[in-house]
2 protein chains.
Amino acid sequence: MSVKYTSSTENYLKAIFHLQKSDGIVTTNDVANELQTRPASVTDMLKKLKAQKLLIYEKYKGFKLSNEGRKVALQIIRKHRLWEYFLVEKLSFGWDEVHEIAEELEHISSKKLIDRLDEYLGFPKSDPHGDPIPDSNGKFTLPKQVDLLNLPLNKVAEVSSIGDQSPEMLELLGDKGIALGTKLEVKKKFAFDNSLELKIKNQSMVTVSEHVAKNVFVKYDE
Amino acid sequence: MSVKYTSSTENYLKAIFHLQKSDGIVTTNDVANELQTRPASVTDMLKKLKAQKLLIYEKYKGFKLSNEGRKVALQIIRKHRLWEYFLVEKLSFGWDEVHEIAEELEHISSKKLIDRLDEYLGFPKSDPHGDPIPDSNGKFTLPKQVDLLNLPLNKVAEVSSIGDQSPEMLELLGDKGIALGTKLEVKKKFAFDNSLELKIKNQSMVTVSEHVAKNVFVKYDE
DNA sequence: ATTTAATTTTAGATTTGTCTAAAATTAATT
DNA sequence: AATTAATTTTAGACAAATCTAAAATTAAAT
């Protein structure tokens, strides 16, 4: 039986989870900053979270989520990202205007609702910003990372890093309309010289050489 | 610019609106009963609602929603019913299990969200229980009320009242599976004797005479 | 028209989440 | 190592929404 938490509790768990991801270590000040609140308020909440066994905490010594706390945080994140996906894919919102609304929707409690929504959306693996969506058990598959040569045909992917960052390469990529975050797919591979034809989102087709392809890394689902 | 209200405030406005519909006059006790709270708490909230000009109130003398209060209540009801429609039509929930979830969803504040949802659902006129959905200006079209003879073919309608309530009529209707709230549609009209063939929801076809048809009133949208 | 009953309101307390200001602890600097 | 600075925690207060118990008002009944 899933316990019900207040929105405030859920927000703290989510914030701590996110801060843990980047630094590993989280401080009272970090959380206060993240949640636009005061350190004293954070301390108050830390005590409550500890009492609910959602957090391991010794005063002045730092804190981290318990297994249970992490589990709850992942469910909030799951809800947030599924709602974002819904807003963009079904209600035609821009990916940049959904965060605020999802901040509210993520606190709707029904588990059945979120599992039905997941199904309705076709079990998407990542949200409109490319962040992975945990499944109903809290597991998520990190997007696969490959260079363009190894990207399957017709698979939409997002540019995640550039190997050779020389000015010449960056000029070429700039010219072709390829940057970090650009969404694209490989439409054709020429066996003769391993050059590729790419469809770049919101643009026309471009061709890149094997050399370029080897240095453009992308991530995609599956 | 739309002001933001607390969930509690919204629940009170909604409750008072609904109680006003039936009785016309609403008492402190009614509201306490409806919201599963105490009369003293209701009085407290009445004062807050008055301060926000959502309510006309003089102590011991009774109260009613102001125009503004009614407007806000209608927007909550709009949200509640649109979400119910969404849950049933898109996420395949049963009409009997959506109320609780909609009680939470109705407090999501974004107006843009609800207008987009409305559009996505095709601007439905009534929710899964047959209650009308106010439009974004708070107007709603009451379902049309006619006897079975005047119900257009293949139009799903809901039995809303019975003219002749004699035991004989009620026995006949009971036997055919027709009761208040039953959803049905007219599949065929026989000009010869004005008898009708009806498809009753979740049941097989039945035939009723003109005499019966004249005494069964239904409501439907459009 | 009193008395009794029901309803409504006030007064004061409680809970949750927040705050400020001051105290306690830990970290940084000379 | 001692002092200063930064961080974290405590203590006490506050706003929102609720509660109980008692007082005020209105309605019902003799």
Side-chain angles (χ1 to χ4, degrees), chain A residues 3-17 19-20 22-65 69 72-73 76 103-104 106-109, chain B residues 3-16 19-20 22-65 69 72-73 76 103-104 106-107 109:
Chain A
V3 193
K4 179 82 188 300
Y5 300 102
T6 68
S7 289
S8 187
T9 296
E10 293 185 345
N11 286 336
Y12 273 91
L13 291 175
K14 189 166 60 113
I16 296 169
F17 182 91
L19 292 167
Q20 250 174 215
S22 43
D23 302 80
I25 213 141
V26 194
T27 69
T28 304
N29 266 344
D30 288 342
V31 177
N33 192 57
E34 177 83 7
L35 293 178
Q36 299 280 68
T37 182
R38 297 295 174 166
S41 309
V42 175
T43 302
D44 287 342
M45 182 56 90
L46 291 179
K47 287 193 270 191
K48 285 175 208 157
L49 293 176
K50 183 184 180 180
Q52 297 177 259
K53 297 187 192 304
L54 297 169
L55 194 86
I56 319 292
Y57 171 52
E58 262 191 286
K59 63 179 181 176
Y60 291 114
K61 296 289 181 62
F63 53 89
K64 61 176 183 180
L65 294 179
V72 175
I76 311 300
E103 288 285 300
E104 283 186 67
E106 72 188 5
H107 300 296
I108 302 295
S109 62
Chain B
V3 192
K4 179 81 189 299
Y5 300 102
T6 67
S7 290
S8 186
T9 296
E10 293 185 346
N11 286 336
Y12 273 91
L13 291 175
K14 189 166 57 110
I16 295 169
L19 291 168
Q20 249 175 216
S22 42
D23 303 80
I25 212 138
V26 194
T27 69
T28 304
N29 267 345
D30 288 344
V31 178
N33 192 57
E34 176 83 6
L35 293 178
Q36 299 279 66
T37 183
R38 297 294 174 165
S41 309
V42 175
T43 303
D44 288 341
M45 182 57 90
L46 292 179
K47 286 193 270 191
K48 285 175 208 157
L49 293 176
K50 183 184 180 179
Q52 295 175 89
K53 298 188 192 303
L54 297 169
L55 195 85
I56 319 292
Y57 171 52
E58 262 191 288
K59 62 180 182 174
Y60 291 113
K61 298 286 181 63
F63 52 90
K64 62 176 183 179
L65 294 179
V72 175
I76 311 300
E103 287 285 300
E104 283 186 65
E106 72 188 5
H107 301 296
S109 61

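Order of the sequence lines sets the chain letters (A, B, ...), proteins ahead of strands, with each chain counted from 1. Just so it is clear, the values below take in all heavy atoms, side chains as well, and ignore hydrogens, waters and symmetry mates.
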Where is the tightest heavy-atom contact between A:Ile25 and A:Asp30, given as atom of each residue plus distance? O-OD2, 4.2 Å
Most 5' of B:Val42 and A:Ala40 on DNA chain C, judged by nearest nucleotide: B:Val42
Side-chain touch A:Leu46/A:Tyr12, heavy atoms, less than 4.5 angstrom: no
For nucleotides 1-8 of chain D, list the nitrogen or oxygen atoms of the protein found under 3.5 Å from its nitrogen or oxygen atoms, one pair per line.
{"from": "D:dT7", "atom 1": "O5'", "to": "A:Asn29", "atom 2": "ND2", "distance (Å)": "3.4"}
{"from": "D:dT8", "atom 1": "OP2", "to": "A:Asn29", "atom 2": "N", "distance (Å)": "2.9"}
{"from": "D:dT8", "atom 1": "OP2", "to": "A:Asn29", "atom 2": "ND2", "distance (Å)": "3.4"}

Output the rounded distance in Å from CZ (A:Arg38) to C1' (D:dT9). 16 Å
So how far off straight is the helix from C:dA1-D:dT30 to C:dT30-D:dA1, going by the axes through five pairs at either end, to 10°? 0°
With a 4.0 Å cutoff (strictly under), does any side-chain N or O of A:Thr37 reach OP1 or OP2 of C:dT18? no
For atom CD of B:Gln36 and atom C1' of D:dC19, their distance in whole Å: 15 Å
Establish, with yes or no, whether the OP1 or OP2 oxygen of D:dT10 is under 4.0 angstrom from a side-chain nitrogen or oxygen of A:Lys47. yes
NZ on A:Lys4 to NE2 on A:His107, rounded to 0.5 Å: 10.5 Å
Considering non-hydrogen atoms only, spot the tightest contact between B:Met45 and B:Thr9 and give its length. CE-N, 3.9 Å
N/O donor-acceptor pairs under 3.5 Å from side chains in residues 48-56 of chain B, not counting sequence neighbours:
{"from": "B:Lys50", "atom 1": "NZ", "to": "B:Tyr57", "atom 2": "O", "distance (Å)": "3.1"}
{"from": "B:Gln52", "atom 1": "NE2", "to": "B:Lys48", "atom 2": "O", "distance (Å)": "3.3"}

Work out which heavy atom in A:Val72 is nearest to a heavy atom in A:Tyr5; give both atom names and the distance. CG2-CE1, 3.7 Å
Short side-chain N/O contact to C:dG17 OP1/OP2 from A:Lys48, under 4.0 Å: yes
Residue pair A:Leu65 / A:Gln20: nearest heavy atoms and the distance that separates them: N-OE1, 2.9 Å
Taking only residues two or more places apart in sequence, or in another chain, which ones meet A:Glu106 in a salt bridge (Lys or Arg N to Asp or Glu O under 4.0 Å)? A:Lys14
Just to be sure I understand the geometry, which residues of residues 5-12 of chain A put a non-hydrogen atom under 4.0 Å away from DNA chain D? none
Can I get a per-line list of side-chain donor-acceptor pairs under 3.5 Å for residues 36-44 of chain B, giving both atom names and the distance, sequence neighbours left out?
{"from": "B:Thr43", "atom 1": "OG1", "to": "B:Pro39", "atom 2": "O", "distance (Å)": "3.2"}

Which distance, rounded to the nearest 0.5 Å, do you find between the OG1 of A:Thr28 and the NZ of A:Lys59? 12.5 Å
Atom CG of B:Leu35 to atom P of D:dA17: distance rounded to whole Å? 13 Å
Nucleotide D:dT10, atom P - distance to CE of A:Met45 in whole Å: 16 Å
Expected output: side-chain B:Glu104 to main-chain A:Ser109 donor-acceptor under 3.5 Å: yes
